[in-house]
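Notes follow the structure.
Keep in mind that what you see is a predicted model, and the values were worked out from it rather than measured. Here, residue 1 is the first one in the sequence, and each next residue gets the next number.
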Amino acid sequence: MRCSLRLCVGVTGVCGVLFLGLGIGAIFLFDSLLNDQIKKNEVIEKGSYLYEQWSDIPVPIFMQFWVWDLLNPEEVLQGEKPAVRQKGPYTYSERVVKTNITFYDNGTVSYMQPRTFTFLRNMSVGPENDTFTSLNIPLVTIAELIQNERDIVKDLVSVIERLAQETLFMKLTVGGLVWGYNDSLLVDVNKLVPGLLPSAEFGLFMGRKVNGTDGVYSVFTGKGDVTKVNLIDTWDGQKKLNYWSDDPYCNMINGTDGNFFPPFITKEMKATLFSTDICRSVEGEFIRESSVRGIPTYRYEAPERLFQSGDINPDNKCYCQNQACLPSGLLNISICKQGAPVIMSSPHFYLGDQSLVDSIIGMHPDPEQHKVYFEVEPLSGILLAAGKRLQANIYVKKIDHIQQTGNVREMFYPILWLNESTFIDPVNADKFKSQVTNNIELMYGVEYGMIGVGCVLLIMFIILFVKHRKRQSSTVVGTTDERTNLLNGDTVQ
């Protein structure tokens, strides 16, 4: 019996150490194999899994618009606060397929990514020709040109006479405001002063419809250094922007195009992307661990400092363009939008100065609906869900000699807000799991299973070892007592 117990203890101990060692060894081995596999697959080259996902984005993308309908235009002209209500969403499916893909010997690839939009009536509150009352943006733009650049406008009197036929607020269709319409004011002003304006058509997202692309990107393929995959090398042939007063910080072109990120993301890292919509790079900050359709992710959100005033955040001082800085929550992008006085913000002035919210009746900022976020699978860097929420506003004020501006208050008038979103569908989620997540879970299961078995066996070893020692001790004590009794008995006799 002693031999059996001793053998059992020995075998249990050896097996426990063996399984624990194999489990710990498997962690290093499997992690190394996993890293090697990711490095192999996470390269932009024809035939790779990533190339398929990168060149023709398979997950559904939606672009939704909410327009601001002005309820009291006459009162606003008399100096009252605007009262607005949002109408929407008006939803479009967005298709992104990269074109003109060209590989270079320096480890980069260039491409364009035209986007096509299809209106989805079943996901919208009404048709594209729904009308609403909004600001006459061409009038405001030309009025700004007249005020600020009189020397450019040779026939100033004629332009002002033509402006007299306009009103500050007008009826528009949703589709017209978003994708463009022929504006009679722009047509006539271009006849009076040829070359003053780039087009006789106006639409906030007209460029996306006409050109279908937001420039030529050149990104690293990840070959030789997978941590650089999809990071932008140049955009439209530039390594930095030239919008922001030659400031190196504001003109940086950092991060990716937002379609996916390099692999091996940690919680301490920033998820950085370049956005042509706001003409700058954006850093997302890690918020928490999350999941999308059962796939573990890291959730990132745009921080409050993104649109913080340069008077509060010195890093944003260069976005003030050598002028007085705007209140927190605003970014003046007129410099990169052909001079139109466009001011970007979060929807409903979320995270903006309270004065912005108070200046417009109808603003109700809500973090769940209005924040910018994205969910990234950390090992592969693949984007599984995202919501880019932005609001377009126009700077409005009373302008001398332009009677249409009446006694309007100085304000940042909201035009519309958008949500460009994606959420991986069940088919692509299952595909991703089969090729990435399930293999990772299997590896982890084997690793921690071995460690678990090893720990259990070691615990059993300790228990059996203690029992064995106790039994040995009791045997020794019993033998000693017997000898003592015998000695005592002999003495009595």
Side-chain angles (χ1 to χ4, degrees), residues 57-71 73 82-97 113-137 169-183 201-214 258 275 277-278 292 342 344-350 360 362-374 383 385-394 413-428:
I57 298 175
V59 298
I61 305 173
F62 298 100
M63 179 72 90
Q64 296 177 295
F65 296 97
W66 288 258
V67 297
W68 290 110
D69 187 17
L70 180 62
L71 304 178
V84 298
R85 66 178 176 187
Q86 70 176 24
K87 294 179 66 174
Y90 296 90
T91 304
Y92 298 80
S93 65
E94 183 176 348
R95 186 92 169 94
V96 183
V97 180
Q113 46 184 9
R115 301 166 187 267
T116 55
F117 298 88
T118 304
F119 183 64
L120 302 177
R121 179 63 182 86
N122 64 320
M123 295 178 62
S124 305
V125 297
E128 287 182 287
N129 60 5
D130 269 0
T131 60
F132 65 104
T133 301
S134 187
L135 189 69
N136 187 335
I137 300 176
F169 300 103
M170 62 190 297
K171 286 283 186 182
L172 289 171
T173 65
V174 174
L177 174 66
V178 173
W179 306 118
Y181 63 95
N182 282 312
D183 187 88
E201 193 174 5
F202 175 79
L204 287 178
F205 294 86
M206 186 174 66
R208 288 199 178 190
K209 183 179 181 181
V210 175
N211 302 321
T213 182
D214 57 352
S275 172
D277 287 330
I278 58 175
V292 174
V342 180
M344 300 304 291
S345 71
S346 295
H348 290 248
F349 299 117
Y350 169 66
I360 309 290
M363 297 291 105
H364 304 289
D366 179 355
E368 291 306 311
Q369 296 186 47
H370 304 144
K371 68 173 59 170
V372 175
Y373 77 94
F374 37 98
L383 184 72
K388 181 174 72 176
R389 286 86 175 253
L390 292 170
Q391 180 169 289
N393 313 277
I394 300 293
Y413 183 84
I415 303 298
L416 60 74
W417 70 272
L418 64 88
N419 178 26
E420 188 175 20
S421 63
T422 185
F423 197 93
I424 191 169
D425 58 285
V427 173
N428 281 293

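- Of the candidates V174, L416, N419, W66 forms a side chain to side chain contact (heavy atoms under 4.5 Å, CB included) with just one, namely N419.
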Inset, instruction - Apply side-chain contact (heavy atoms from CB on, under 4.5 Å) to L390 and W417, showing your working. - result: CA-CA 6 Å; L390 292 170; W417 70 272; over 6 Å; no
Legend entry - Pair W179-Y92, ring pair (Phe, Tyr, Trp, His ring centres under 6.0 Å): steps then yes or no: CA-CA 12 Å; W179 306 118; Y92 298 80; 5.4 Å; yes
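- Closest approach of T133 and F169 over heavy atoms only: CG2-CB, 4.2 Å.
- Rounded to the nearest 0.5 Å, atoms CE (M170) and CD1 (I137) are 9.5 Å apart.
- When side chains are defined from C-beta on, P347 does not count as touching Q369, because their heavy atoms never get closer than 4.5 Å.
- Aromatic rings from F205 and F117 are positioned such that their centres are separated by 6.0 Å or more.
- For the atom pair CG of L70 and OG of S134, the computed distance is 8.0 Å after rounding to the nearest 0.5 Å.
- At a threshold of 4.5 Å between non-hydrogen side-chain atoms, the residues L120 and F62 count as touching.
- The minimum heavy-atom distance linking R115 with V96 is given by the pair NH1-CG2, 3.5 Å.
- How far CZ of R389 is from OG of S345: 14.0 Å, rounded to the nearest 0.5 Å.
- Looking at heavy atoms from C-beta onward, F349 lies in side-chain contact with Q391 at the 4.5 angstrom threshold.
- Judged purely by atom type and a 3.5 angstrom limit, T422 uses its side chain to pair as donor or acceptor with the backbone of P60.
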Inset, instruction - Quick one: do V292 and I424 satisfy side-chain contact (heavy atoms from CB on, under 4.5 Å)? Show the steps, please. - result: CA-CA 8 Å; V292 174; I424 191 169; 3.7 Å; yes
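- The nearest pair of heavy atoms linking L383 to G258 is CD2-O, 3.3 Å.
- Looking at every heavy atom in both residues, K388 comes nearest to S275 through NZ-OG, 4.4 Å.
- Within the 4.5 Å cutoff, no side-chain heavy atoms of M123 are placed close to those of Y90.
- Looking at Y350 and D366, their side chains never bring a donor and an acceptor atom within 3.5 Å of each other.
- Contact annotation: the side chain of W68 never approaches that of I415 to less than 4.5 Å [non-hydrogen atoms, C-beta and beyond].
- Heavy-atom minimum distance, E128 versus T173: O-CB, 3.9 Å.
- Residue T116 holds its OG1 atom at 7.0 Å from CZ of R95, rounded to the nearest 0.5 Å.
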Inset, instruction - Evaluate the side-chain contact (heavy atoms from CB on, under 4.5 Å) criterion for residues L172 and V67: first the C-alpha distance (whole Å), next the side-chain angles of each, then the deciding distance (0.1 Å), finally the verdict. - result: CA-CA 10 Å; L172 289 171; V67 297; over 6 Å; no
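- K87 places a side-chain N or O within 3.5 Å of a backbone atom of T131 that can act as its donor or acceptor partner.
- The OG atom of S421 lies 14.5 Å from the CZ atom of F374; values are rounded to the nearest 0.5 Å.
- Taking both residues in full, the closest heavy atoms of G126 and F119 are given as O-CZ, 3.3 Å, listed atom of the first, atom of the second, then distance.
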Legend entry - Criterion side-chain contact (heavy atoms from CB on, under 4.5 Å) on F132 and K171, from CA distance to verdict: CA-CA 6 Å; F132 65 104; K171 286 283 186 182; over 6 Å; no
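- Separation of atoms CD (E420) and CD1 (I61) is listed at 7.0 Å; rounding is to 0.5 Å.
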Legend entry - Stepwise side-chain hydrogen bond (donor to acceptor under 3.5 Å, both in side chains) test for H348 and Q86: CA-CA 10 Å; H348 290 248; Q86 70 176 24; 2.9 Å; yes
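- By the 4.5 Å heavy-atom criterion applied to side chains, M63 and L418 are counted as neighbours.
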